[in-house]
Undergrad: 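Below: one structure in structure tokens.
Below, all heavy atoms of this structure are taken into account, side chains as well, without hydrogens, waters or symmetry copies. It should be emphasised that the depicted structure is a prediction, and the values quoted were computed from it without experimental measurement.
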Amino acid sequence: ISASIGISLFPSDALSAEQLLRNADSALFKAKSAGREGYALYTEELTAHAQHRVEIAGELRRALDQHELRVYYQPVHDLHDSRLVGVEALVRWQHPERGLVPPGEFIPIAERTGLIAEIDAWVMDQACRQMCQWLADGAPLSFIAINVSSRLFARRELYEQVAQVLHATGLDPAFLELEVTESAVMDDPEVALEQLHRLRELGLRLAIDDFGTGYSSLLRLKRLPVQKLKIDQGFVAGLPWDEDDAAIVRVVIALAKSMGMQVHAEGIEQVEQARFLLDQECDMGQGYWFGRPMPADEIDWTRAPLVRQD
Ligand code: C2E
Ligand code: MG
Ligand code: MG
């Protein structure tokens, strides 16, 4: 097991035990958001952050009730022929004053307050309905990818929730891809293995998101019933010039291929990155160069920006 630590000092940070604990909790939140197994010291700005979090947590409840959440869709292209083959559903919060709030600002808070289960269930329902609509309209999509919070991944209810959404929306599970992060899977590999096998029984596909950012045991990876690895955008950013990124990307592609998985790169912003990935036989690409996340009605099915002109 591992630990994250938040530290608040007496008497410089606070005089009462209550306030010290609150401060330590803010520092703990900071330590956790900076990655696992770290520590952070309390600072005064953290109180401002904590206030902001409390505000957001309160407002999120309203956001759900007042239908302020939106699902955006980002295109995923086949790198070989540039065809649009799938989309990833990404949640947004259309806040009445703050405007469009990205998930990085509220998902971690939702995870902490427990609202994440409702948010993810809602996104899944919306995205599956949208996919049914697109398929009925003849869109040439082969999958819709949906993110699952690591908090839910550890729970058995996830299976029932997914089964229920598939039943309610009528989406053929073969079109559904669930994305779980590497750390969610590796935190408790035995539970993960069981959970992934059950989900697979529903007939859907599984992908590991942000691959390369956590610590994977290759032995465990080999046993997982997963069909795709998504290379984290942090490695794509340095392509093709950064030698370390290039080396890592080559290895991840080789690893995925040798285990019979598809490989999909995120965060492609430049054509040179797409070309490098194509040369290394990466299957799919996603990123601003192909298209940003957008509302469902703005997706253009015919767009196929060529990675190679010849
Ligand atoms: P992710 O699943 O790895 O999604 C990819 C993120 O990269 C998205 O950020 C996307 O907008 C961004 N992105 C795509 N192409 C590019 C590019 O070319 N350059 C750069 N710099 N960024 C690019 P977004 O939408 O802000 O989402 C952030 C994260 O929030 C997601 O990372 C995912 O982990 C989480 N998330 C999003 N929607 C949901 C959801 O419905 N449920 C849960 N549990 N998590 C979600
Ligand atoms: Mg994702
Ligand atoms: Mg990712």
Side-chain angles (χ1 to χ4, degrees), residues 71-91 120-121 123-149 153 158-159 161-163 165-182 184-185 196 198-211 224-233 253 256-257 259-268 274 277-278 281-287 290-305:
V71 185
Y72 273 37
Y73 299 89
Q74 185 175 29
V76 177
H77 289 254
D78 181 317
L79 285 172
H80 290 92
D81 58 13
S82 294
R83 265 181 322 123
L84 196 159
V85 285
V87 290
E88 176 172 4
L90 294 159
V91 70
D120 275 5
V123 171
M124 204 176 287
D125 184 77
Q126 292 289 306
C128 290
R129 278 179 208 286
Q130 182 60 60
M131 186 64 175
C132 288
Q133 185 61 51
W134 275 327
L135 292 172
D137 294 345
L141 282 177
S142 49
F143 67 89
I144 184 153
I146 300 174
N147 294 284
V148 178
S149 163
F153 188 69
L158 180 63
Y159 171 89
Q161 185 188 315
V162 178
V165 169
L166 285 169
H167 179 76
T169 61
L171 178 67
D172 174 350
F175 289 103
L176 178 60
E177 187 168 289
L178 292 186
E179 296 188 359
V180 292
T181 58
E182 190 179 6
V185 173
L196 291 171
R198 291 188 74 212
L199 287 169
R200 276 290 286 160
E201 282 167 22
L202 290 170
L204 48 79
R205 299 193 307 161
L206 298 163
I208 301 213
D209 205 353
D210 305 340
F211 188 76
L224 295 178
V226 165
Q227 288 69 53
K228 183 192 269 187
L229 293 186
K230 289 188 78 174
I231 305 177
D232 189 70
Q233 56 186 56
I253 294 171
K257 298 254 156 169
M259 289 192 298
M261 297 178 191
Q262 286 185 320
V263 56
H264 170 151
E266 294 193 274
I268 300 176
L277 289 156
L278 175 60
E281 301 278 306
C282 180
D283 303 302
M284 278 168 246
Q286 173 182 2
F290 286 108
R292 289 187 176 253
M294 57 193 117
D297 56 3
E298 289 175 23
I299 298 245
D300 176 1
W301 305 114
T302 56
R303 226 177 94 79

Undergrad: Hey, mind stepping through Val226 and Val185 against side chain to side chain contact (heavy atoms under 4.5 Å, CB included) and telling me if it holds?
TA: CA-CA 11 Å; Val226 165; Val185 173; over 6 Å; no

Undergrad: Can you check whether Leu224 reaches Ile208 side chain to side chain, under 4.5 Å on heavy atoms?
TA: yes

Undergrad: If I take atom CD1 from residue Ile144 and atom CG from residue Leu204, how far apart are they, to the nearest 0.5 angstrom?
TA: 13.0 Å

Undergrad: Measure the CG-CD distance between Leu178 and Gln227 for me, rounded to the nearest 0.5 Å.
TA: 10.5 Å

Undergrad: Report the residue from Trp301, Phe175, Phe143 that forms a ring pair (Phe, Tyr, Trp, His ring centres under 6.0 Å) with Trp134.
TA: Trp301

Undergrad: So which heavy atom on His77 is nearest to which on Arg303, and how close?
TA: CE1-O, 3.3 Å

Undergrad: For the CD1 atom of Ile253 and the CD1 atom of Ile231, what is their distance to the nearest 0.5 Å?
TA: 4.5 Å

Undergrad: Using side-chain heavy atoms (C-beta onward) and a distance below 4.5 Å, is Gln74 in contact with Leu90?
TA: yes

Undergrad: Would you call Cys128 and Ile146 a side-chain contact if the rule is heavy atoms closer than 4.5 Å?
TA: yes

Undergrad: First locate atom CD1 of Ile299, then atom OH of Tyr72, and finally report the distance between them rounded to the nearest 0.5 Å.
TA: 11.5 Å

Undergrad: Quick check: do Glu266 and Asp209 have side-chain heavy atoms less than 4.5 Å from each other?
TA: yes

Undergrad: In Å and rounded to the nearest 0.5 Å, what is the CD to NE2 distance from Gln286 to His264?
TA: 4.0 Å

Undergrad: At their closest point, which heavy atom of Pro75 faces which heavy atom of Leu84, and how far apart are they?
TA: CB-CD1, 3.9 Å

Undergrad: Any idea which heavy atoms bring Leu79 and Cys282 closest together, and the distance?
TA: CD1-O, 3.5 Å

Undergrad: If I compare all heavy atoms of Met124 with all of Val148, which pair ends up nearest, and what's the gap?
TA: CE-CG2, 4.4 Å

Undergrad: List the atom of Pro305, the atom of Ser82, and the distance in Å for their closest heavy-atom pair.
TA: O-OG, 2.8 Å

Undergrad: The criterion is side chain to side chain contact (heavy atoms under 4.5 Å, CB included); which residues satisfy it with Asp283, sequence neighbours excluded?
TA: Lys257, Gln262, Val263

Undergrad: With rounding to the nearest 0.5 angstrom, report the CD to CG distance, Glu177 to Asn147.
TA: 10.5 Å

